[in-house]
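Since the structure comes first, as structure tokens, the remarks are kept for the end.
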Amino acid sequence: MKKILFPIDFSEASINAFIYALKLADSIKGEIITLHIYDLPQVDYITVTASLNEIYDIAELGNFENYKDEIPLLRNIAEQNNLGHVKMSNVLDHGNLVDKVLKMINSERIDYVVMGTKGATGLKETFLGTATTKVMNDSKAIVFAIPEHCKYHPIAKILFLTKYNFEDIKTVKKVIEFAKVFGAHIDCLHVKPSHATDNDVFMEEWKKITQDHDSSLHTIRKDDVEGVILDFIELHKINMITMHVYHKNFFEKLFQISLSKKLAFHVNIPLLAIPE
């Protein structure tokens with residue numbers, strides 16, 4: 001059974017992303033493992049009168065009680081969406097969110113990570129977009145990032161951003177497998193600067209790979225890469241963006257930083273990051 005890791009802070013953003021985790025689990029016949037991370041209190045050693053163990057025990061008990069009270073909310077959401085049959089287990093831990101997620105990906109052999117990109121503060125641990133980016137860059141699992149204000153829509157149109165190179169061939173095959181689960185159309189798009197020379201040596205192979213799936217290959221020559229992609233998303237009613245994660249600062253190398261931030265955290269459709 002495929003495993004989906006779902007880090008949650010019970011903020012509106014993460015609850016919203018839970019619908020995508022449920023729909024994905026149902027479509028791939030998978031199970032969800034929720035992960036809630038909390039911080040232990042910062043202790044002033046000068047003013048402490050109780051033992052540190054007592055302080056940490058009280059903090060952990062309080063977090064456990066709050067977590068236990070929140071779990072029925074997830075089950076109710078599943079029931080309300082006719083997905084109560086989805087298998088779900090829950091993990092409560094403390095420490096660094098990114099480190100714990102990456103550790104669980106390896107130890108539990110996670111196939112997908114579904115993450116909201118922004119969340120609450122205080123007791124409900126902060127969920128920052130930067131954490132999602134770090135997980136994308138270092139994860140061996142496919143990461144499904146759900147923007148804070150993204151409302152669930154069936155995945156019918158997938159945009160795969162590519163350069164039609166050799167490195168992306170294996171990735172597009174994974175995208176095709178993913179699209180088949182949802183019966184989705186794939187638009188492959190390469191935005192090429194107007195001064196760039198033609199070097200599509202693998203294009204024929206791409207055509208062969210995609211010919212048996214509902215897909216289209218697009219190449220647009222324009223210097224405004226960001227504008228082209230955003231216009232394409234709107235024009236073709238795209239439900240999800242997907243990219244191949246080249247590690248070592250993937251976003252900065254593949255696009256300008258401003259573009260990556262806009263795509264990942266300001267476009268209100270999910271982003272699927274596929275690792276090497």
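Fair warning: this is a prediction, and the values are worked out from it, not measured in the lab. In this chain, residues are counted from 1 in sequence order.
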In chain order, what residues pass the side-chain contact (heavy atoms from CB on, under 4.5 Å) check against [X], with sequence neighbours excluded?
X	value
K174	I274
K151	E12, N16
K180	I176, H213

What distance do [X] atom [atom1] and [Y] atom [atom2] have between them, rounded to the nearest 0.5 Å?
X	Y	atom1	atom2	result
I209	K170	CD1	NZ	11.5 Å
K192	I220	NZ	CD1	12.0 Å
D168	T162	CG	OG1	3.5 Å
E79	I77	CD	CD1	11.5 Å
I19	Q80	CD1	CD	8.0 Å
K2	D111	NZ	CG	4.5 Å

Determine the minimum heavy-atom distance between [X] and [Y], stating which atoms define it.
X	Y	result
V86	L22	CG2-O, 4.1 Å
M136	A273	CG-CB, 3.8 Å
K222	V191	O-CG1, 3.8 Å
I110	A141	O-CB, 3.5 Å
V172	C188	CG2-SG, 4.2 Å
I158	A184	CD1-CB, 3.9 Å

Contacts of type salt bridge (Lys or Arg N to Asp or Glu O under 4.0 Å), residue K207, not counting sequence neighbours: E204
Got [X] and [Y] here, is their nearest side-chain heavy-atom distance under 4.5 Å?
X	Y	answer
L24	F182	yes
I186	T210	no
P275	K140	no
I142	F144	no
I155	K23	no
M88	F6	no
L74	I15	yes
E177	V181	no

For [X], all residues meeting side chain to side chain donor-acceptor pair (under 3.5 Å), sequence neighbours excluded:
X	answer
N81	none
T242	none
T171	H244
S216	H185

According to ring pair (Phe, Tyr, Trp, His ring centres under 6.0 Å), who are the partners of Y112, at least two apart in sequence or on a separate chain? none
Quick one: list whatever passes ring pair (Phe, Tyr, Trp, His ring centres under 6.0 Å) with F160, sequence neighbours left out. none
Does any N or O in the side chain of D187 come within less than 3.5 Å of the main-chain N or O of L159, such that one atom is a donor and the other an acceptor? no
List the atom pairs, donor and acceptor, that lie under 3.5 Å between side-chain atoms in residues 233-241 and the rest of the protein, sequence neighbours left out.
{"unit_1": "N239", "atom_1": "OD1", "unit_2": "A156", "atom_2": "N", "d": "2.8"}
{"unit_1": "N239", "atom_1": "OD1", "unit_2": "K157", "atom_2": "N", "d": "2.8"}

Inter- and intrachain pairs under side chain to side chain donor-acceptor pair (under 3.5 Å), touching residues 98-108, at least two apart: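 Counting only pairs at least two positions apart or across chains, the side chain to side chain donor-acceptor pair (under 3.5 Å) contacts touching residues 98-108 are D93-K100.
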Under 30°, 30 to 60°, or over 60°: which ring-plane class applies to F202 and F166, parallel, tilted or perpendicular? tilted
side-chain contact (heavy atoms from CB on, under 4.5 Å) partner of N90, the single match among I33, T34, I8: T34
Residue R109 excluded, over 12 heavy atoms near CZ under 6.0 Å: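 Open.
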